[in-house]
> 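My questions will all concern the structure given below.
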Amino acid sequence: MLDKNFDPKSFEKNFSFDIEASTRKPDAEPFMVLLPPPNVTGSLHMGHALCFTIQDIVARYKRLKGYDVLFQPGLDHAGIVTQLLVEKQLYANGIKKENLTREALLKEIWLSKENSGAAIINQLKILGISCDFSRLRFTMDEDAKKAVAKMFVKLFDDGLLYRGRRMVNWDPLIGSAISDLEVVEKEIDGHLWHLKYMFADEDGYITVATTRPETLFGDTAVAVNPLDERYKRFVGKEVVVPLTDRKIKIIADKYADPEKGTGAVKITPAHDFNDYEVSFRHKLKVIEIMNAKGEMNENVPEIFQRMDRFKAREKVVELLEKKGLLEKIENIKQKVPFGDRSNVPLEPRITYQWFVNCKKLAEAAIEAVKEGKTRFVPRHWENLYFRWLEEIRPWCVSRQIWWGHRIPAWHGPDGQYFVAENLEEATAKATKFYGKNKVELTQDEDVLDTWFSSGMWPFVTLGWPKETDDLKRFYSKMIVVTGFDIIFFWIARMMMSGLYCMGEVPFPEVYIHGLVRDEKGQKMSKSKGNVINPLSLCEKYGADAVRYALASLSSPGRDVKINERIVETIGRNFLTKLWNVVRFAQMNGCLYNKDFEPKKAVSPITKWIVRQVSQMVSDVEESIEGYRFDEATGHIYRCLWNSFCDWFMEFAKPILQRPSPILTDDKPQEACLRLILLKKEIRDAIAWAIVQFTRVLYPIAPFISKKLSGEMGILDMTWPDIDKNLDFKDDVEEIELLKMIISSVRSTKQCLRLPPSEKINVRLENLGSDIESFVSKYEEILSRMAGIIVGEVAGQTVPVVVNGAIIHMECEGKINIKEEKTRLRNEIAKLKRNREETLSRLMNDDFLSKASEEVVQEHKKRVDEINDRIQKVDYILQNLNVM
RNA sequence: GGGCGCAUAGCUCAGCGGUAGAGCGCUACGUUGACAUCGUAGAGGUCGUAGGUUCGAUCCCUGCUGCGCCCACCA
């Protein structure tokens with residue numbers, strides 16, 4: 001028997017879904033859900049909870065539907081983030097990175113990875129995510145390493161991957177190159193310094209505006225626009241770089257925009273993408289003035305050397321001012337590129353890096369989506385995907401950090417390198433190249449961008465490059481669920497890698513969910529302090545409540561705003577309701593009866609609830625298949641709370657509470673038997689309905705569903721097998737009429753300020769069916785739920801119109817006639833307005849000729865109904881006058 | 001500078017070419033056996049704005065306004 005208090009903690013921990021998650025069904029249709037591997041940098045946040053809940057709903061639903069579901073879990077090594085985190089932890093313990101060897105730092109990171117990984121797995125289990133943990137993979141597994149090396153070599157051999165000296169975005173804090181995607185533009189309050197560049201051979205100067213005065217040591221020209229009349233005559237002249245005695249030329253280049261700054265721009269090829277371009281056109285010298293940490297190097301005057309770039313800026317400005325070379329300072333809003341992980345301003349830097357030429361890969365990825373081989377849900381995300389892939393640039397995949405997949409390339413003593421899957425193969429290549437036996441090879445120091453291995457996740461987890469059975473069975477049969485923020489990082493790359501290595505799209509569908517935000521719609525972040533920890537919510541309200549709330553809030557294409565209160569009011573309250581109704585069922589001895597056949601139900605109320613539940617099941621099915629989890633929870637909610645609890649259980653109560661007759665010889669046997677059978681049918685129907693609820697709810701709230709279906713006597717979870725062709729029309733209509741009568745009486749009582757508990761005599765008129773039999777069936781229900789006694793009435797009455805029927809309520813001395821008259825007049829006025837509107841359409845020839853026949857008929861019917869009602873209400877009004 | 005999304009009740013959001021919906025909140029009333037984490041009833045919206053298409057527009061199209069996001073190497 002269930003406890004009176006609903007306490008999810010008391011049972012959630014008792015359930016493990018490991019067995020169902022790892023059970024394979026070789027004969028069933030395969031379906032895979034690919035869990036986006038969480039970073040091993042700590043714990044799961046609300047975004048994970050949403051993403052994983054959605055996936056788990058799909059996985060569980062498909063399992064119930066009979067598919068062979070592989071829900072593949074994994075963890076991501078998350079190169080830069082993880083290394084930064086561990087370095088920070090070490091630093092807090094007084095250990096500096098500089099004092100550690102590569103091996104020592106890696107050892108520390110692996111340790112951290114083990115801890116974090118274990119914590120994440122534990123959290124996934126608390127959330128009830130039913131992936132197959134026996135198949136847990138890590139992006140730096142031995143197998144994954146081999147696969148990554150394999151693909152790297154393949155790309156290299158196909159000429160799609162190369163090493164080159166290029167200008168890249170450099171993160172001075174991390175000391176590494178990063179990809180374009182890892183650059184975030186931030187608008188900051190900055191200054192525009194107007195500097196005087198003195199002419200070398202005459203008096204006077206040209207004014208150059210810059211936001212980065214410290215880079216002037218790297219200047220190798222000043223550019224003006226060839227069409228700029230102001231500066232035409234200066235082109236070819238020399239100016240002196242301030243604070244130095246170095247002379248540079250004034251050049252004419254269309255890059256200089258007369259509208260911007262002073263129209264004359266300093267050219268610093270080593271530290272600006274545009275200037276680098278300009279330097280090629282004019283064969284300018286390239287002077288690097290900073291090291292990997294963003295400190296000034298030996299190419300600047302002595303006093304600036306080893307100085308941090310921002311410190312140097314201050315110093316430069318100070319000196320310029322002293323020397324009278326600073327014309328003015330303007331305050332401006334400025335966009336500056338920052339590293340998304342380090343959150344420091346980036347420096348463009350010219351270095352050797354490895355690049356993937358994505359052009360061809362991208363074309364295939366675009367094509368596949370255009371052809372519909374992969375579909376985004378919601379569809380409009382495809383635009384974003386196309387736009388990025390169409391303008392794709394070479395992808396810098398090397399990182400100057402230690403944590404990650406080491407680049408599978410080996411360098412010879414002379415700078416020659418050999419790309420190979422392992423040292424043996426590299427040695428073989430080197431031997432061939434050098435033509436002698438012993439060559440000292442050293443592996444490339446760099447590691448790969450994390451997303452290189454993430455992009456291979458769909459097939460690496462299935463065993464690639466081995467041609468495993470799983471790979472054949474599940475590749476391209478999977479779904480990926482993720483946020484739009486990683487469409488470029490991950491989805492696009494999985495498409496490219498997948499098509500490249502497997503020749504087929506990895507997944508036919510990608511479901512893109514919204515971002516989780518706080519109740520004000522703000523992004524959750526540690527700095528704002530508005531982060532909600534899903535695990536503490538689970539602790540407080542249960543994982544089911546969190547999952548249910550997330551599902552019901554996840555409308556397509558919209559962000560999910562959540563706070564603790566929402567979990568409480570949406571999730572926990574609903575589950576409490578379910579818990580309580582099951583408890584009530586238990587008190588009444590309801591247990592699942594496998595012999596109960598819904599379509600053979602006898603009692604109208606049973607037929608009604610069977611109909612409602614059946615409809616709900618097919619609605620939920622449709623919703624989940626369309627990824628409408630908000631609708632799915634809505635259907636379950638309304639059916640359980642409104643139809644089942646508010647109506648059916650109330651209908652059932654009087655029947656259940658009737659004392660069971662004892663069959664003796666002196667009582668009419670048939671009536672007793674009928675009651676016994678009716679009570680049994682009601683109990684069976686209650687248990688049946690509850691079981692259906694737990695089944696449809698199982699994908700969303702698995703713990704409570706399992707618990708409650710167990711209480712009802714069901715151990716195996718399956719999707720409800722519902723008869724979609726039930727013909728209960730007449731009975732369903734009868735119950736709908738009953739409901740309307742009850743509602744109308746309640747409403748009228750409230751209007752008339754009659755206490756709901758007061759029993760009122762009523763007379764029914766024009767019911768449309770046999771009043772006597774209707775009353776005999778529902779007399780008890782009408783009495784309990786509406787507080788009316790059907791029979792004859794005396795004295796003053798208030799008639800209530802329900803559909804075609806009229807309920808005359810006895811109210812002698814109980815009501816205020818004036819108020820009642822006002823109420824009725826208002827009702828008539830409203831009805832008339834309604835009628836006018838409908839009639840005006842029916843009198844419109846265009847409407848009659850152009851609207852569909854169905855719509856026209858509907859309008860005509862509506863007018864008839866309104867007329868009928870007006871007539872009755874008016875009749876009532878007249879009679880009130882007489883009384 | 002391009003592109004995308006959103007605008008519906010006090011709040012959070014569904015919806016839809018044919019008389020506006022839910023949850024929360026609010027108001028009134030109601031509890032001795034499922035549930036106050038509750039029940040019953042009710043108030044509350046000219047569906048952002050201006051045009052257009054249509055017999056009919058909250059829904060489709062266009063402009064505008066406001067908010068949010070993405071992309072882009074500019075001093």
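What you see below is based on every heavy atom in this structure, not just the backbone, and it leaves out hydrogens, waters and symmetry mates. Letters go in sequence order (proteins before strands), and every chain restarts at 1.
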> OP1 or OP2 of B:rA14 sitting under 4.0 Å from any side-chain N/O of A:S555?
yes

> With nearest nucleotides of RNA chain B determined for A:W193 and A:M649 from heavy-atom distances, which residue corresponds to the more 5′ nucleotide?
A:M649

> Quick one: are the ring centres of A:F355 and A:W395 less than 6.0 Å apart?
no

> Are OP1 or OP2 of B:rC38 and a side-chain N or O of A:N573 less than 4.0 angstrom apart?
yes

> Is it true that the NZ or CZ of A:R212 lies under 6.0 Å from the centre of A:W193's six-membered ring and within 45 degrees of the ring axis?
no

> It should be established whether A:W641 places a side-chain nitrogen or oxygen under 4.0 Å from OP1 or OP2 of nucleotide B:rC35.
no

> Which base sits across from B:rC29 as a Watson-Crick or G-U pair, both distances under 3.5 Å?
B:rG39

> So what does A:K830 touch, heavy atoms closer than 4.0 Å: a base, only the sugar-phosphate, or nothing?
nothing

> Measure the CZ-CZ distance between A:F644 and A:F651 for me, rounded to the nearest 0.5 Å.
12.5 Å

> Under 4.0 Å from OP1 or OP2 of B:rA34: is there any side-chain N or O of A:K653 that close?
yes

> Can you find a side chain N or O atom of A:R565 that sits less than 4.0 Å from OP1 or OP2 on B:rG25?
yes

> Go through B:rG23, B:rA72, B:rG15 for me and flag the one nearest to the A:R628 side chain.
B:rG15

> Among B:rA41, B:rA72, B:rA34, which nucleotide sits nearest the side chain of A:S747?
B:rA41

> Rounded to whole angstrom, note down the P distance from B:rU46 over to B:rG10.
8 Å

> Please report the distance separating the C1' of B:rG44 from the corresponding atom of B:rA20, rounded so that it comes out in whole Å.
13 Å

> Under 4.0 Å, counting only non-hydrogen atoms across every strand here, what does A:R833 touch: a base, just sugar-phosphate, or nothing?
nothing

> Less than 4.0 Å between a side-chain N and a carboxylate O, is that true for A:K333 and A:D189?
yes

> Let's test this: given Watson-Crick or G-U wobble pairing with both distances under 3.5 Å, identify the partner of B:rG1.
B:rC71

> Could you tell me whether the side chain of A:Q750 has a donor or acceptor atom within less than 3.5 Å of a complementary atom in the base of B:rA28?
yes

> Checking all strands, does A:D272 fall into the base, sugar-phosphate, or nothing category for heavy-atom contacts under 4.0 angstrom?
nothing

> Check every strand shown and say whether A:E277 touches a base, only sugar-phosphate, or nothing at a heavy-atom separation below 4.0 Å.
nothing

> Just to be sure I understand the rule, does A:R835 reach a base, reach only the sugar-phosphate, or reach nothing, if contact means heavy atoms closer than 4.0 Å?
nothing

> Could you tell me which nucleotide pairs with B:rC6 by Watson-Crick or G-U wobble geometry, both distances under 3.5 Å, or answer none if nothing does?
B:rG66

> Find the partner of B:rA57: check Watson-Crick (N1-N3 plus N6-O4 or O6-N4) and G-U wobble (N1-O2, O6-N3) distances, both under 3.5 Å, and reply none if neither fits.
none

> What distance, rounded to whole Å, do you find between the two P atoms, one in B:rG1 and one in B:rA9?
32 Å

> Answer yes or no: is there a side-chain heavy-atom contact under 4.5 Å between A:L697 and A:L578?
yes

> Output the rounded distance in Å from CZ (A:F376) to P (B:rC4).
17 Å

> Just call it for A:Y255: base, sugar-phosphate, or nothing, with non-hydrogen atoms closer than 4.0 Å on any strand.
base

> Quick one: look up who B:rC47 pairs with, Watson-Crick or G-U, both distances under 3.5 Å, and put none if it's unpaired.
none

> For the side chain of A:V855, counting heavy atoms from C-beta on, which of B:rG2, B:rA34, B:rG18 is nearest?
B:rG18

> If the C1' atom of B:rC38 is compared with that of B:rG23, how far apart are they to the nearest Å?
16 Å

> Closest-nucleotide mapping onto RNA chain B: is A:R862 or A:I332 further toward the 5' terminus? I mean the 5' end.
A:R862

> Any side-chain N or O of A:K749 below 4.0 angstrom from OP1/OP2 of B:rU40?
no

> Which part of the nucleic acid does A:A256 contact within heavy-atom distance under 4.0 Å: base, sugar-phosphate only, or nothing?
base

> From C-beta outward on A:P756, which listed nucleotide comes closest to its side chain: B:rC29, B:rG18, B:rG2?
B:rC29

> Classify A:N834 by what it touches in the nucleic acid, base, sugar-phosphate, or nothing, heavy-atom distance under 4.0 Å.
base

> Identify whether any heavy atom of A:R583 sits under 4.0 Å from a base atom; if not, whether one sits that close to sugar-phosphate; answer base, sugar-phosphate or nothing.
sugar-phosphate

> Below the 4.0 Å mark, does B:rG15 have OP1 or OP2 next to a side-chain nitrogen or oxygen of A:R558?
no

> For B:rU19, give its Watson-Crick or G-U wobble partner with both distances under 3.5 Å, or none.
none

> Quiz question: by atom type and distance under 3.5 Å, do the side chains of A:R683 and A:N588 form a donor-acceptor pair?
no

> Where the side chain of A:K577 is defined as all heavy atoms beyond and including C-beta, which of B:rA14, B:rG23, B:rC35 is the nearest nucleotide?
B:rC35

> Between the side chains of A:R833 and A:E836, is the shortest nitrogen-to-carboxylate-oxygen separation below 4.0 Å, so that they form an ion pair?
no

> Using the C1' atom on both, measure B:rC13 against B:rG45 and round to a whole Å.
14 Å

> When you measure from the side chain of A:H859, which nucleotide among B:rG18, B:rA41, B:rC71 comes out closest?
B:rG18

> Considering only the C1' atoms, how many Å lie between B:rC24 and B:rU19, rounded to the nearest integer?
27 Å

> So, A:Y627 versus A:Y511, ring centres under 6.0 angstrom or not?
yes

> What does A:K561 touch in the nucleic acid at a heavy-atom separation under 4.0 angstrom: a base, only the sugar-phosphate, or nothing?
sugar-phosphate

> Between B:rG42, B:rG18, B:rA34, which nucleotide has the shortest distance from any of its atoms to the side chain of A:N580?
B:rA34

> In whole Å, I'd like the distance from the CD1 atom of A:I570 to the P atom of B:rU37.
17 Å

> Compare the minimum distances between each of B:rA34, B:rC55, B:rC69 and the side chain of A:F584, then state the nucleotide with the smallest one.
B:rA34

> Taking B:rA22 as the reference, what is the distance to B:rU8 when you measure between their C1' atoms (whole Å, please)?
13 Å

> Sticking with atom C1', work out how far B:rC11 lies from B:rC4, rounded to a whole angstrom.
27 Å

> Below 4.0 angstrom, N of the basic side chain to O of the carboxylate: do A:E622 and A:R628 qualify?
no

> Nearest to the side chain of A:Y637, heavy atoms from C-beta on, is which of B:rC24, B:rU19, B:rA72?
B:rC24

> For a quick test of reading the model: is some side-chain N or O of A:S849 closer than 4.0 Å to OP1 or OP2 of B:rC55?
no

> Tell me whether the side-chain N/O atoms of A:R746 come closer than 4.0 Å to OP1 or OP2 in B:rC29.
no

